[in-house]
Undergrad: 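One structure is given below, represented as structure tokens, and several questions about it will come after.
Chain A is the first sequence line, chain B the second, and so forth, proteins listed ahead of strands; every chain is numbered from 1.
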There are 2 protein chains.
Amino acid sequence: MCYIGEMLKKQLPLLFNTLANMNFSSITIKDIATALNLSVSTVSKALRDSYEISENTKKLVTGYAQEHNYRPNPIAQSLKQGRSKSIGIVVSTIENQFFSQVINGIESVAYENGFNVIITQTHESYELEVKNVGHLTHRSIDGLLISLSTETKDIAHLKTLHKQGLPIVFFDRVTDEIDTHKVIADNFKGGYDATCHLLDSGYKRIAHITSPANISITKERFAGYSKALEEAGIAIDDDYIKYCPHGGRDIGEVENALNELLSLKNKPDAIFTTSDRITTTTLMLLNRLKIKIPQEIALIGYTNTTLADVLNPSLSSVYQPGFEMGQKATQKLLELILAKRPVYEFETLVLPTQLVTRDSTARQ
Amino acid sequence: MCYIGEMLKKQLPLLFNTLANMNFSSITIKDIATALNLSVSTVSKALRDSYEISENTKKLVTGYAQEHNYRPNPIAQSLKQGRSKSIGIVVSTIENQFFSQVINGIESVAYENGFNVIITQTHESYELEVKNVGHLTHRSIDGLLISLSTETKDIAHLKTLHKQGLPIVFFDRVTDEIDTHKVIADNFKGGYDATCHLLDSGYKRIAHITSPANISITKERFAGYSKALEEAGIAIDDDYIKYCPHGGRDIGEVENALNELLSLKNKPDAIFTTSDRITTTTLMLLNRLKIKIPQEIALIGYTNTTLADVLNPSLSSVYQPGFEMGQKATQKLLELILAKRPVYEFETLVLPTQLVTRDSTARQ
DNA sequence: TATTTCTACGCAAACGTTATCGAAGAATTT
DNA sequence: AAATTCTTCGATAACGTTTGCGTAGAAATA
């Protein structure tokens, strides 16, 4: 029909390319081919340094490519090769500094290996987790890094993918039901150390506000807490254990837990909290209630905020190596992705936590 | 060659699909076509509800598709349509709560409209900014949301893309040199309000620790600071203005700024800081130096940390509507992306900041 | 010189879509 | 009954790559 239009299109491919379909990846292999009077396959092979191509034409092609800033279209490559060179991440929320540190670790390793990352957030919702995982896999990720949401009890959505062969590495909140690499902090020791520290500082009625019991970190940290109490000859009091259904996502659930603790006949003299949000929210609520820390109640908790030092009072905390966790998890995932043959040997890396004692647990 | 292998491949496409090329997007249009004895084009049109297809076959196809959980391969769609339904984000670091709040706003709007996001971080490095923008555009993003790094002075890398027609929306740290939509906080008013508050509280020697002068937010906030002082009849003292080259990325630069202020003959009695990192680092350093806040020096700063209330002392701050900024910026970007014809009318949205006064600026 | 092996390149198919066009048969109009 | 229009579908090309295979000519061997 529009002959002149077609003519122009042939002569000015670049112009029309940018104006028409908004694709900014400059020139294509085809452009190079026509410019150098070669076939696309020759150009492709030259760029990939194939033995089939002479040194002369290789130089010709790579020269022209560099000059015109050629970069292969990753979408086309993904389609052809069936892999996208990108990995999916599922965390509860990046507003949590622990997770943003993990993500920084992930990125550092991923970028180094030519992979890019796609970050999704569950906001502690099972439904969103399923949805995100679905989105990610349909965007053709090569592998998945996931920390389960607090709501997640059924992991069928992940089992299916795992069976289909999608490389998955769990970090932080893991599951026993899938056999693959996992990277976690030493949650048992974190809970144990925190509780021991409280005991050593003279506290005896130690409460525990934590995430739902179904997620791994809750159980592991609780186990450490229990062990420390047991060693000190103190019985576990169920009244002292409070669970926040959403891991502290809502202030209300922490408020309820705290109120229940404060209305006990035998009020706790110390609280050990897990999860960043629960910890900082508890601190805020205690301050709001004008309850002196640590004089009336001591507080120690898991948190990765860089502000622990400058909180009121400065907050004793269990710090997790988030950045390192991200790095390690990504390394293990890349091992799976790049493996020539199926991997059947999996390991669980346990990274040390760090107890930092500050004013909120000062000895009375 | 391997006839039996080929036979199997035809009969068990799904199995081989998953085992061979690791693509998990279940079945393809072709699978549906062969299963229903239709052509691929018919199936494609049926799925897209084309008028060319009878209701009968439409039902047949969509039924089969649902049953077998068909989902179009987004990679193939991207390649075909020249757009990827994804938008790129460039921020300094997601560890900064302000930016993670912005990102949450971005995601909320993007997902609602079927777009996914790719987040990249500059860590305040110009080099990384250029690199990230390059990566993003070559991954065929449909649009870009960017807050410039503190190091960025030359924006040639963005000008080129903008000229080529890539939809770009700036937020937070913007530039005059590119005419497009921008979403910023009312930085002038933020600086003005903060300074007025200090003046009202009786402080007179007000220092200012801020980001490099080349980025927009620095200038705007400084203008507000200046205006407030001017109205109060106080001359601007250059000795009181300190710039942190990396916006507080390194403790050292904040430490230098603070030391210089503290060694002045006429020490400031209050400090107004910009940027989350500078603010919290200043607080930490003052505490470390055992300088009483606000008795010796008052402190107010830009920060979006949810912990301002519970810092020691609780921190007066200028809060920016991060989530809303992300939402607005994404809405404007989607307008550009989805526009039928080129857009030439651009606007700059200015969102109100919120001054929250707390103990760190209490009246003396 | 006649045959074989290299060397260096092009053809064509494929990845999963979408879109243009042509066409067979049915339904409608003249 | 003949001509036209609808309806419904399929063949084909295209997006930008990669790759197996075929092959022309040069080089090496017999």
Undergrad: For A/Asp49 and D/dT19, what is the distance between atoms CG and C1' respectively, to the nearest whole Å?
TA: 16 Å
Undergrad: Could you walk me through whether B/Ser125 and B/Thr122 pass the side chain to side chain donor-acceptor pair (under 3.5 Å) test, one step at a time?
TA: CA-CA 5 Å; B/Ser125 147; B/Thr122 66; over 6 Å; no
Undergrad: For the residue pair B/Thr93 and B/Gln121, confirm or rule out a side-chain donor-acceptor distance under 3.5 Å.
TA: yes
Undergrad: Tell me: CD of B/Glu55 to P of D/dC9, nearest whole Å?
TA: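 That distance rounds to 10 Å.
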Undergrad: For B/Ile27 and C/dC15, give me the distance from atom CD1 to atom C1', rounded to whole Å.
TA: 17 Å
Undergrad: Tell me which nucleotide among D/dG16, C/dT17, D/dT19 gets nearest to the side chain of A/Ala76.
TA: D/dG16
Undergrad: Do B/Gln77 and D/dC15 have a side chain to base donor-acceptor pair shorter than 3.5 Å?
TA: no
Undergrad: Please tell me if the side chains of B/Arg173 and B/Ser92 come closer than 4.5 Å, counting only heavy atoms from C-beta onward.
TA: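 The answer is yes, as the side chains (C-beta and beyond) meet within the 4.5 Å cut-off.
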Undergrad: Rounded off to whole Å, could you give me the CZ-to-C1' distance for the B/Arg71 and C/dT17 pair?
TA: 16 Å
Undergrad: NZ of B/Lys85: more than 12 outside heavy atoms within 6.0 angstrom?
TA: yes
Undergrad: Can you check the B/Leu79 CG to C/dT17 P distance for me, whole Å?
TA: 12 Å
Undergrad: Does a side-chain N or O from A/Lys30 land closer than 4.0 Å to OP1 or OP2 of D/dC15, or not?
TA: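 Yes, within the criterion.
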Undergrad: Taking 4.0 Å as the cut-off, does a side-chain nitrogen or oxygen of A/Arg48 come that near to OP1 or OP2 on D/dT17?
TA: no
Undergrad: Does B/Ser41 place a side-chain N or O at less than 4.0 Å from the phosphate oxygens OP1/OP2 of D/dT12?
TA: no
Undergrad: Between A/Tyr51 and C/dC9, is there a contact of a side-chain N or O with OP1 or OP2 at under 4.0 Å?
TA: no
Undergrad: Output the single nucleotide from C/dC9, D/dC15, D/dT17 whose closest atom is nearest the side chain of A/Tyr70.
TA: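 Closest of the options to the side chain of A/Tyr70: D/dT17.
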Undergrad: Let's go through A/Phe170 and A/His162 carefully: what are the C-alpha distance in whole Å and the side-chain angles of both, what is the deciding distance for ring-ring contact (aromatic ring centres under 6.0 Å, His included) to 0.1 Å, and is it a yes or a no?
TA: CA-CA 12 Å; A/Phe170 289 90; A/His162 184 241; 8.2 Å; no
Undergrad: Given D/dG22, C/dT18, D/dC9, which nucleotide is nearest the side-chain atoms of B/Ser44?
TA: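 Nucleotide nearest to B/Ser44's side chain: C/dT18.
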Undergrad: Check whether any side-chain N or O of A/Ser54 sits under 4.0 Å from OP1 or OP2 of C/dA8, and answer yes or no.
TA: no
Undergrad: Let's test your reading of the model: under 3.5 Å, does the base of C/dT20 pair with the side chain of B/Lys45 as donor and acceptor?
TA: yes
Undergrad: The side chain of A/Asn73 is closest to which nucleotide in this list: D/dC15, C/dC9, D/dG16?
TA: D/dG16
